[in-house]
Amino acid sequence: MNVTVRYFAAFREAAGVESETLPSKATTAGELFSECRDRHAALQDYHASMVAINEEMSQWDSTIKDGDEVLFFPPVAGG
Amino acid sequence: MNVTVRYFAAFREAAGVESETLPSKATTAGELFSECRDRHAALQDYHASMVAINEEMSQWDSTIKDGDEVLFFPPVAGG
Amino acid sequence: MNDFKVTAETIDLALFRATMQDVSCGAYVQFDGWVRDHNEGQKVLRLEYEVYEPLAVKEGERILAEARERFGVSRTAVIHRSGLMELSDTAVVVGVASPHRDEAFEACRYIIDQVKVRLPIWKKEHYASGHAEWVNCQRCAQHKQERGARD
Amino acid sequence: MNDFKVTAETIDLALFRATMQDVSCGAYVQFDGWVRDHNEGQKVLRLEYEVYEPLAVKEGERILAEARERFGVSRTAVIHRSGLMELSDTAVVVGVASPHRDEAFEACRYIIDQVKVRLPIWKKEHYASGHAEWVNCQRCAQHKQERGARD
C-alpha cells in the first residue's frame, strides 16, 4: 500500500523533507514511523511525540490503511 | 476622654451621622462601639466588622486613648 | 511605588496592561471583576462602591507585597473603582506578571481573595425592585474561613 | 462557533476582551503568554511558532468545550500566534468569563495547560549565541503527568 507522510518542526528538519508518499508494509502508525526512520536516520524516536491520521489525533498503535495521510508531530510546545 | 468616631456604609446609614466626637469611658474599640450602639439603636452588632484606629487596621480589643480617631467598618465587599 | 489605585473614573485597561509588560516574564494573569446583572436571585440595575481610600490603598499595597513575597512574582497591580457603576463595567482589575504561569495564577488568585475580605470597600446593589442594599460577599466569607483553616 | 483562533498578526487584545464581555458574568480571567528574554539560562532574541492550523483549531475547540463542560463557565476563547515573534509579544491569550471567579480561574488554568501539551504547535527559540532550537516545555510535561495521576 501507499501512504503519505508529513513531518513537522524538528521532524521535518531531521527528515529533510516536508512530505513524501511512500510504499509501506506497516499496519500501525508506530510501524510506519520505524520505516521512516530507516529512510531518514536523523529522525529521533517518537517518544513524547504525537501522530494524526487523516486530520484526526490518533495513537501510535492506530491502524493505517492504503491512501492514509499520516502526520508526525514531534513534542509540542504551545503557549 | 474624648474620641472621634467615623461610620462607614451601612453603619453610617444606621447611625444617621458620618462622624461624631463624643466623651467615652471605653478602654477598647469594642467597648466604644457598644457606647455608640447605646446612642444609635439601629447600629448592628460588630460581628464580622472591622475597626481602624488612627488610620491603622486594629482589633476590637485594641486600646483606645484620648483624642483617637476610630473608624467603624461594617462587613466589607471589595472586588 | 503605588501599585494599588482607587479611581472614580472608568478603568483604562489598555494602559493598565501596558504598565505590566516585563520582558523577563513569560506569563501574565489578569482578573477583572465585572458588574453583573443578578445576585442571589435579584435583578441588579447598578452598583455603588464606597471606598475608604487612605486605608484601602495602604492595606492594598500590603496585599500586593505579600503576593510578591509569597509567590515570587515580578509585577503586581490593582485598580479598584469607587462610586456609581453600570452593568458590565469593570469594578476591579488585578494584574500579575511572572516568569512562569504557576506563580502568576496563584498570586492573582491570592490578591483578589484578599481584596474582597480585607479592604474597607463596600458594595451597594440597586435592584430592579427599586430596593438597594449593602452586600456581604458570601463566597468571600467562605474563602476567608478556608484560608484561615489552611494557614 | 470558532473560539479558538490562530493568527500570524499581532493579537488585538482590546478586541479580544470586548468579545468576552457578558452581562451575566461577574468574573473574567485572562492569561497572556509573553515572549520572554531568557529560557533555561540562555538569552532569547526571538521566537518562532509553527502551527498546524487545521488540527490545532479542531483540538483547541475541543479543549474549550471541555472547560465549559467541566467548570460551567460561560465564555471561553483563545488566540494563538504563529510565525516570527519579538520579545514581549503576546504569543497566546486565553479568556474565560463566568458568573463567579472560582470557576473562571480553574477553567483558564485548565485551558492553558492543555494548549501547551495537546496542540500541534512548536516553538523555536533563537538565542543570542546565534543558535536556534525547537523547545520542549519541561514544566508542561510535568503538568501533564500530574494531571494524568489525578484523573
Side-chain angles (χ1 to χ4, degrees), chain C residues 12-18 20-40 43-45 47 74 86-106 108-113 115-116 123 137-140 142-143 146, chain D residues 12-18 20-40 43-45 47 74 86-106 108-113 115-116 123 137-140 142-143 146:
Chain C
D12 184 338
L13 290 159
L15 179 64
F16 178 82
R17 195 177 170 292
M20 300 303 296
Q21 202 79 50
D22 185 327
V23 78
S24 71
C25 291
Y28 174 67
V29 175
Q30 184 176 310
F31 173 83
D32 298 9
W34 292 340
V35 179
R36 85 171 179 278
D37 62 2
H38 64 284
N39 191 24
E40 312 203 351
K43 192 164 151 47
V44 175
L45 293 186
L47 275 198
S74 304
E86 303 298 324
L87 297 185
S88 287
D89 281 355
T90 298
V92 62
V93 57
V94 178
V96 176
S98 169
H100 298 285
R101 71 186 187 285
D102 282 322
E103 304 82 335
F105 272 103
E106 284 171 18
C108 188
R109 185 61 204 261
Y110 177 79
I111 293 167
I112 185 62
D113 286 354
V115 162
K116 283 176 182 267
K123 175 160 67 174
C137 180
Q138 301 302 332
R139 284 204 169 195
C140 297
Q142 212 181 338
H143 285 138
E146 285 163 10
Chain D
D12 183 339
L13 289 159
L15 179 64
F16 178 81
R17 195 177 170 294
M20 299 303 296
Q21 202 78 50
D22 186 327
V23 77
S24 71
C25 290
Y28 175 66
V29 175
Q30 184 175 309
F31 173 83
D32 298 8
W34 292 340
V35 179
R36 79 171 187 276
D37 63 0
H38 65 283
N39 192 23
E40 313 204 351
K43 192 163 150 47
V44 175
L45 294 185
L47 275 198
S74 305
E86 303 297 324
L87 298 184
S88 286
D89 281 355
T90 298
V92 62
V93 56
V94 178
V96 176
S98 169
H100 299 286
R101 71 186 185 286
D102 283 322
E103 304 82 336
F105 272 103
E106 285 171 17
C108 188
R109 185 61 205 261
Y110 177 79
I111 292 167
I112 186 61
D113 285 354
V115 161
K116 283 177 183 267
K123 176 161 66 175
C137 180
Q138 301 301 335
R139 284 203 169 197
C140 297
Q142 214 184 337
H143 284 138
E146 286 163 8

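Just so it is clear: chains get the letters A, B, ... in the order the sequence lines come, proteins before strands, and each one is counted from 1.
Comparing D/Cys108, D/Gly33, D/Ser88 by heavy-atom pairs within less than 4.5 Å of chain C, the highest count is held by D/Ser88. In terms of non-hydrogen atom pairs under 4.5 Å with chain D, the most contact-rich of C/Val23, C/Asn39, C/Val29 is C/Val23.
Of all heavy-atom pairs between D/Phe16 and D/Gly95, the closest is CZ-N, 3.5 Å.
Neither the backbone nor the side chain of C/Ala14 comes within contact range of chain D; no heavy atoms are under 4.5 Å apart.
For the side chain to side chain contact (heavy atoms under 4.5 Å, CB included) criterion with C/Asp37, the lone passing option out of C/Leu45, C/Val44, C/Leu87 is C/Leu87.
Rounding to the nearest 0.5 Å places OG1 of D/Thr90 at 6.0 Å from CD of C/Gln21.
Taking 4.0 Å as the cut-off between side-chain N and carboxylate O, C/Arg109 and D/Asp102 count as a salt-bridged pair.
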